[in-house]
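Positions are given from 1 along the sequence. Everything quoted here is computed from the prediction, not taken from an experiment.
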Amino acid sequence: MEKEKFFLWETVLKNIEKTLNNSRTFDLWIKPLKLVDIEGNIVKIEIPTLAFEKTFMQFKDLVKEEFYKVFGFVPEFEIIYPIIEGQEEKETSFSFENFLNPEYTFENFVVGPCNRLAHAASLAVAQTPGIAYNPLFLYGEVGLGKTHLMQAIGHYVKKRSNLKIFYMPAEYFVNEFITSIKNKTTHIFRNRFRNLDYLLIDDIHFIAGKEGTQEEFFHTFNFLYNNRKQIVLSSDKPPKEIKFLEKRLVSRFEWGLIVDLQVPDFETRVAIIKKKCELRKINLPEDLVFYIAEKIKDNIRLIEGVINSLAASSTLLNMEIDKNLIDENIEKLYNFKKEEKKVIGLKKITQVVCEYFGITEEEIKSERRVKNIILPRQIAMYLSREFTESSLNSIAFEYGVKDHTTVLHAYRKIKNLIEKDKNLKDVIETLKERINE
């Protein structure tokens with residue numbers, strides 16, 4: 001019975017992963033949960049740190065529901081922490097493996113023209129930390145292999161040395177920092193992240209706009225860099241294009257090597273599909289491999305998800321894999337038939353800005369140069385540049401200004417003010433949310 005309950009717990013986790021349909025969320029917040037014991041209806045769950053508890057509560061009902069389906073009773077969860085208060089020395093090396101996907105290794109990474117430099121650079125820093133490229137900054141759209149390469153570095157180092165290494169999503173870093181402030185344990189937090197040979201942080205753009213976290217990361221970065229420890233970061237954009245990222249961090253991120261990962265070409269996608277099929281032990285005819293490669297052109301993660309889904313359909317449901325099943329899985333799991341992207345036009349921006357500031361469209365387009373009209377007009381021109389691909393002349397015409405130089409002046413002015421004025425920054429963020437509604 002002892003072994004059976006842990007086997008059933010693994011079934012619960014697999015069911016949750018399917019329900020969430022988001023591998024990143026599952027890997028970050030569900031996979032690290034560990035079953036410790038079951039006593040009656042009390043289920044003891046170990047979570048890595050205090051920072052996990054708040055987020056775990058958001059998924060608590062889902063975990064309960066899936067637990068009930070497998071075990072047959074409604075559990076009451078008892079949260080257990082792996083670190084006993086006062087054992088600070090243990091807290092510096094916890095849960096590294098919680099974030100690592102065992103398949104994300106260099107051996108399983110398919111190299112093509114789109115990612116050859118990123119692969120070579122990642123292997124170089126894995127072999128010679130703090131010497132080859134420091135920091136290494138990987139950027140590219142979602143699903144192009146950034147996370148795979150970062151975790152591959154983790155596996156490589158862990159397998160071949162005793163160096164201290166930690167990989168984590170930036171969201172985790174932020175949550176841990178907030179928790180350390182709340183619990184007055186920032187000294188433990190600092191020791192944990194500065195006592196490393198490798199620090200790998202995924203989606204570093206997540207710290208943008210979070211002033212306290214950026215301050216803390218700035219000092220952590222300096223400490224590690226000055227001690228020749230390896231730093232690897234990833235983002236969806238190069239450092240200079242990450243909005244609300246402090247200039248001093250942008251500067252440091254550019255000290256090393258910045259590499260972008262491009263959308264894989266057809267041949268690379270075919271190779272990726274074949275590698276994923278090999279890992280899942282399914283045989284796909286060449287024509288179906290080509291069919292998937294044509295269908296999914298810009299996201300390796302989608303390819304991986306579709307192959308996983310096909311493998312499950314084939315092995316668990318005994319279904320024959322054909323084009324119809326492929327289409328069904330693509331549409332069902334990944335919304336391949338996406339709704340046409342909502343186009344935001346100048347009219348929408350004008351309406352939102354006028355409504356927010358309590359002025360009319362006639363006023364914002366007028367030649368009046370009073371403060372309560374000039375600022376909203378400049379904000380509208382700034383947002384028009386941010387949200388649309390309209391030409392400067394088109395924006396100038398929309399707001400009744402002299403020419404494109406006035407638009408450029410307004411854009412630069414608001415952009416500079418945002419960096420200095422927190423209230424204006426909040427106003428801009430509110431307007432962006434309303435424009436996106």
I'd like to know if the side chain of [X] reaches the main chain of [Y], judged simply by a donor and an acceptor atom lying under 3.5 Å from each other, with no hydrogens or angles considered.
{"X": "E78", "Y": "K44", "value": "no"}
{"X": "D421", "Y": "L424", "value": "yes"}
{"X": "T186", "Y": "I181", "value": "no"}
{"X": "N436", "Y": "E433", "value": "no"}
{"X": "Q262", "Y": "N115", "value": "no"}
{"X": "H148", "Y": "T105", "value": "yes"}
{"X": "N108", "Y": "Y104", "value": "no"}
{"X": "S384", "Y": "A380", "value": "yes"}
{"X": "S161", "Y": "V157", "value": "yes"}
{"X": "K146", "Y": "G140", "value": "yes"}

Report yes if the side chains of [X] and [Y] come closer than 4.5 Å at any heavy-atom pair, otherwise no.
{"X": "E103", "Y": "E304", "answer": "yes"}
{"X": "L284", "Y": "I292", "answer": "yes"}
{"X": "F106", "Y": "L149", "answer": "yes"}
{"X": "F357", "Y": "V427", "answer": "yes"}
{"X": "W255", "Y": "F221", "answer": "yes"}
{"X": "E17", "Y": "K31", "answer": "no"}
{"X": "I307", "Y": "I282", "answer": "yes"}
{"X": "P135", "Y": "V232", "answer": "no"}

Minimum heavy-atom separation for [X] to [Y], with atom names?
{"X": "L163", "Y": "P129", "value": "CD1-CG, 4.2 Å"}
{"X": "I273", "Y": "A293", "value": "CD1-N, 3.5 Å"}
{"X": "G154", "Y": "I165", "value": "CA-CD1, 3.5 Å"}
{"X": "L138", "Y": "S122", "value": "CD1-OG, 4.0 Å"}
{"X": "P376", "Y": "V353", "value": "O-CG1, 3.5 Å"}
{"X": "I30", "Y": "I16", "value": "CG2-CG2, 4.0 Å"}

With a 4.0 Å cut-off, would you call [X] and [Y] a salt bridge?
{"X": "E66", "Y": "K14", "result": "no"}
{"X": "K164", "Y": "D197", "result": "no"}
{"X": "K69", "Y": "E65", "result": "yes"}
{"X": "R434", "Y": "E355", "result": "no"}

Assess the pair Y167 and Y198: is the distance between their ring centroids shorter than 6.0 Å?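 Between Y167 and Y198, the centre distance exceeds or equals 6.0 Å.
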Checking F218 against R252 for the side chain to side chain contact (heavy atoms under 4.5 Å, CB included) test, could you report, in this order, the C-alpha distance in whole Å, the side-chain angles of both residues, the deciding distance, and whether it holds? CA-CA 9 Å; F218 173 77; R252 278 157 178 75; 3.2 Å; yes
Could you give me the CA-CA distance, side-chain angles and deciding distance for Y156 and L123, then say whether side chain to side chain contact (heavy atoms under 4.5 Å, CB included) is met? CA-CA 9 Å; Y156 186 98; L123 187 56; 4.0 Å; yes
Verdict with reasoning, F109 to H119, per ring pair (Phe, Tyr, Trp, His ring centres under 6.0 Å): CA-CA 8 Å; F109 189 84; H119 173 267; 5.7 Å; yes
Could you walk me through whether C114 and V263 pass the side chain to side chain contact (heavy atoms under 4.5 Å, CB included) test, one step at a time? CA-CA 6 Å; C114 57; V263 173; over 6 Å; no
Residue pairs, two or more places apart or on separate chains, that pass salt bridge (charged side-chain N to carboxylate O under 4.0 Å, His left out) and touch residues 256-271: none
With salt bridge (charged side-chain N to carboxylate O under 4.0 Å, His left out) as the rule and sequence neighbours excluded, what pairs involving residues 209-225 come up? R190-E216, R194-E216, E215-R248
Does the Lys NZ or Arg CZ of [X] fall within the cation-pi geometry relative to [Y] - under 6.0 Å from the ring centre and within 45° of the axis?
{"X": "R228", "Y": "Y225", "result": "no"}
{"X": "R377", "Y": "Y399", "result": "no"}
{"X": "K425", "Y": "F244", "result": "yes"}

[X] atom [atom1], neighbour heavy-atom count above 12 within 6.0 Å:
{"X": "Y68", "atom1": "OH", "value": "no"}
{"X": "N283", "atom1": "CG", "value": "no"}
{"X": "N226", "atom1": "CG", "value": "yes"}

What class does the angle between the rings of F217 and F173 fall in, given that below 30° is parallel, 30 to 60° is tilted and above 60° is perpendicular? perpendicular
Which residue is it: I45, V70, I38? I am looking for the one with a side-chain contact (heavy atoms from CB on, under 4.5 Å) to W9. I45
Spacing of [atom1] belonging to [X] relative to [atom2] belonging to [Y], to within rounding of 0.5 Å:
{"X": "D236", "Y": "E141", "atom1": "CG", "atom2": "CD", "answer": "6.5 Å"}
{"X": "L224", "Y": "L199", "atom1": "CG", "atom2": "CG", "answer": "6.0 Å"}
{"X": "L417", "Y": "Y382", "atom1": "CG", "atom2": "OH", "answer": "10.5 Å"}
{"X": "Y411", "Y": "M381", "atom1": "OH", "atom2": "CE", "answer": "13.5 Å"}
{"X": "L200", "Y": "L233", "atom1": "CG", "atom2": "CG", "answer": "8.5 Å"}
{"X": "I207", "Y": "S235", "atom1": "CD1", "atom2": "OG", "answer": "10.0 Å"}

Can you tell me if T350 and E398 form a side-chain donor-acceptor pair at under 3.5 Å?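 On atom types as modelled, these side chains qualify, holding a pair under 3.5 Å.
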For Y291 and D327, does a side-chain donor sit closer than 3.5 Å to a side-chain acceptor?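 Looking only at side-chain atoms, D327 and Y291 do form a donor-acceptor pair, the distance falling under 3.5 Å.
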Report the C-alpha distance between R280 and N308 in whole Å, list the side-chain angles of each, state the deciding distance to 0.1 Å, and finish with yes or no for side chain to side chain contact (heavy atoms under 4.5 Å, CB included). CA-CA 7 Å; R280 295 289 173 273; N308 288 343; 2.4 Å; yes
Show the numbers, then the answer: is there a salt bridge (Lys or Arg N to Asp or Glu O under 4.0 Å) between E76 and K64? CA-CA 8 Å; E76 288 299 324; K64 272 191 174 184; 3.7 Å; yes
